[in-house]
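Reviewing the structure listed below.
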Number of protein chains: 2
Amino acid sequence: MSTKPAVNGAHKAAIRQENEEQILAAAERVFADFGFKGATTARIAETANVPKANVHYYFSTKEALYRRIMEDVCDHWLEAAMTFDNSADPAVILRGYIEAKMDLSRARPYGSRLWAHEIIRGAKFSSEYISSTVKNWLDSRVVVIRGWIDEGKMDDVEPYTLMYMIFATTQHYADFGRQIEIFNNNKPLSDAQFAEAKENVVRIILKGVGLS
Amino acid sequence: MSTKPAVNGAHKAAIRQENEEQILAAAERVFADFGFKGATTARIAETANVPKANVHYYFSTKEALYRRIMEDVCDHWLEAAMTFDNSADPAVILRGYIEAKMDLSRARPYGSRLWAHEIIRGAKFSSEYISSTVKNWLDSRVVVIRGWIDEGKMDDVEPYTLMYMIFATTQHYADFGRQIEIFNNNKPLSDAQFAEAKENVVRIILKGVGLS
DNA sequence: TTTTAACCTGACCAAACGGTCAAGATAAAT
DNA sequence: ATTTATCTTGACCGTTTGGTCAGGTTAAAA
């Protein structure tokens with residue numbers, strides 16, 4: 001078929017990248033659906049449309065593949081985390097963060113569900129990452145929130161509880177998406193329904209902490 | 001050892017009950033920790049301190065054991081659900097329901113985590129139960145909330161979103177307990193910390209929907 | 001054109017899995 | 001005392017699993 005010459009082995013590199021991406025995407029889905037132990041390399045291979053042996057050609061073990069995907073998921077979450085700066089109005093910042101996390105649950109539900117699996121299982125692969133990178137990020141945001149409280153900009157709420165509430169509620173739309181779908185007469189939330197949910201979540205939380 | 005005579009085979013019945021309970025308790029833990037596929041009958045047997053073959057003597061298959069535990073978990077949840085009546089003051093009712101769910105997450109975290117596994121996996125064993133019993137319960141509570149809104153007792157929020165928020169936040173303390181523990185300097189929340197969290201969750205939600 | 005390095009994959013393997021079973025132990029009924 | 005019904009368990013089995021590997025194909029380099 002395509003016998004492009006391509007400078008300096010660009011074709012081979014493209015093949016590698018495309019296959020890796022295909023396998024990673026498939027693995028993210030399968031791990032999210034079945035958890036680490038429940039996911040089988042055969043199913044990942046089938047989903048990615050490659051022979052099973054090829055999965056092991058690109059990723060030495062199932063665990064290596066799992067770790068790689070966890071890293072990718074974390075990268076995306078830290079991006080969303082960056083919307084939580086500490087310069088502007090608390091209401092604007094919190095709204096932006098909640099909306100970013102809701103959007104991420106909608107756009108990348110598999111990542112969120114994978115994370116949920118990992119934590120429920122006891123965070124065996126990621127406890128180090130959580131206790132360093134994630135904890136540092138969380139603690140710094142708590143300081144910011146305590147600052148707002150001290151300045152009288154919002155109610156005196158326990159900041160960790162507030163953050164956990166935001167985590168839980170936003171990720172619920174990914175992790176428990178199937179349950180929400182069943183409650184919604186077996187139909188996934190429409191864009192309009194999701195937008196309404198997002199707006200309500202923002203409104204309830206902001207008002208709940210005295211920011212509206 | 002104990003050779004109590006016991007009227008009408010009471011001893012055998014007691015043995016049966018004790019073994020079943022031991023296996024059920026072990027299975028709830030193991031299923032919660034590893035999910036359906038990840039849990040092994042060998043591990044359940046080991047946790048219950050009985051030989052593997054004995055697990056199959058009392059519960060024909062792994063799936064039968066899983067279903068039985070799911071039923072038990074649901075029964076407990078419906079109990080908590082009953083605190084959500086529609087007679088009294090909305091703020092009192094919502095507070096009571098949220099507190100009951102928080103307490104359940106604290107007392108029976110394995111049940112909550114088992115449920116989370118089940119939903120993330122696509123609710124293959126329980127979609128029928130959710131779309132009938134649970135959905136009926138939820139829909140009737142939504143009607144109650146809509147009534148409160150129409151009577152001007154609370155803000156005009158989308159009732160399902162509010163309920164999902166309560167589900168997500170309260171269950172987060174069970175499902176993501178390990179993550180919370182890590183954030184809390186690798187120590188489980190103390191009773192005082194948990195009580196503070198519970199009070200904050202209630203306060204934020206009630207104020208958020210205009211009930212305080 | 002030849003060589004080399006990377007990619008591909010059907011066939012295979014040891015380990016772990018859910019589940020079975022025969023044979024023994026124990027307690028209730030006769 | 002004997003029979004009967006239930007409980008107990010080590011050993012076993014077919015299947016599925018993650019992972020390997022030899023031998024092939026393809027594309028880049030020489």
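In this text the structure is predicted, and so the values were computed from the model without any measurement. Throughout, a chain's letter reflects where its sequence line sits, starting with A, and its residues are numbered from 1.
For dT8(D), neither phosphate oxygen OP1 nor OP2 lies less than 4.0 angstrom from any side-chain nitrogen or oxygen of Y57(B). Between dA6(C) and R16(A), no contact under 4.0 Å exists linking OP1 or OP2 to a side-chain N or O. Contact annotation: N54(B) does not reach the phosphate of dG10(D) (side-chain N/O to OP1 or OP2, under 4.0 Å). An OP1 or OP2 oxygen of dT17(D) is reached within less than 4.0 angstrom by a side-chain nitrogen or oxygen of K37(B).
In this entry the distance linking CG of N49(B) with C1' of dT9(D) reads 15 Å, nearest Å. Atom-to-atom, CZ of R43(A) to C1' of dT16(D) comes out at 13 Å; the value is rounded to the nearest Å. Rounded to whole Å, the distance from CD on E18(B) to C1' on dT8(D) is 15 Å. One can place CZ of F31(A) at 14 Å from P of dT17(D), the figure rounded to the nearest angstrom. Computed from coordinates, the F36(B) CZ to dC17(C) P distance equals 14 Å when rounded to whole Å. Rounded to an integer number of Å, the gap from Y66(A) OH to dG18(D) C1' is 17 Å. To the nearest angstrom, C1' of dC17(C) lies 15 Å from CD of E46(B).
The ring of Y110(B) has its center no closer than 6.0 angstrom to the ring center of F31(B). A centroid separation of 6.0 Å or more is found between the aromatic rings of F176(B) and F167(A). Aromatic pair H172(B)/H172(A): centroids not less than 6.0 angstrom apart. Centroid-to-centroid, the aromatic rings of W137(B) and Y97(B) come within less than 6.0 Å.
Across dC8(C), dG18(C), dT20(D), the shortest atom-to-atom separation from the side chain of H56(A) is found for dT20(D). Side chain of I15(B), nearest nucleotide from dT8(D), dT17(D), dG18(C): dT8(D). When distances are taken from the side chain of A53(A) to each of dT8(D), dT9(C), dA6(C), the shortest belongs to dT9(C).
If N19(B) and K52(B) are placed on DNA chain D by their nearest nucleotide, the residue sitting closer to the 5' end is N19(B). Nearer the 5' end of DNA chain C, as judged by each residue's closest nucleotide, is the contact made by Y58(A), out of Y58(A) and E63(B).
A39(B) comes within 4.0 angstrom of the backbone, heavy atoms only, and of no base. Heavy atoms of A64(A) sit nowhere under 4.0 angstrom from any nucleic acid atom. Within 4.0 Å of F59(A), counting heavy atoms only, lies no atom of the nucleic acid at all.
No N or O donor and acceptor, one from the side chain of K62(A) and one from the base of dG19(D), sit under 3.5 Å apart.
Between the side chains of Q22(A) and N49(A), no donor-acceptor pair is found at a separation under 3.5 Å.
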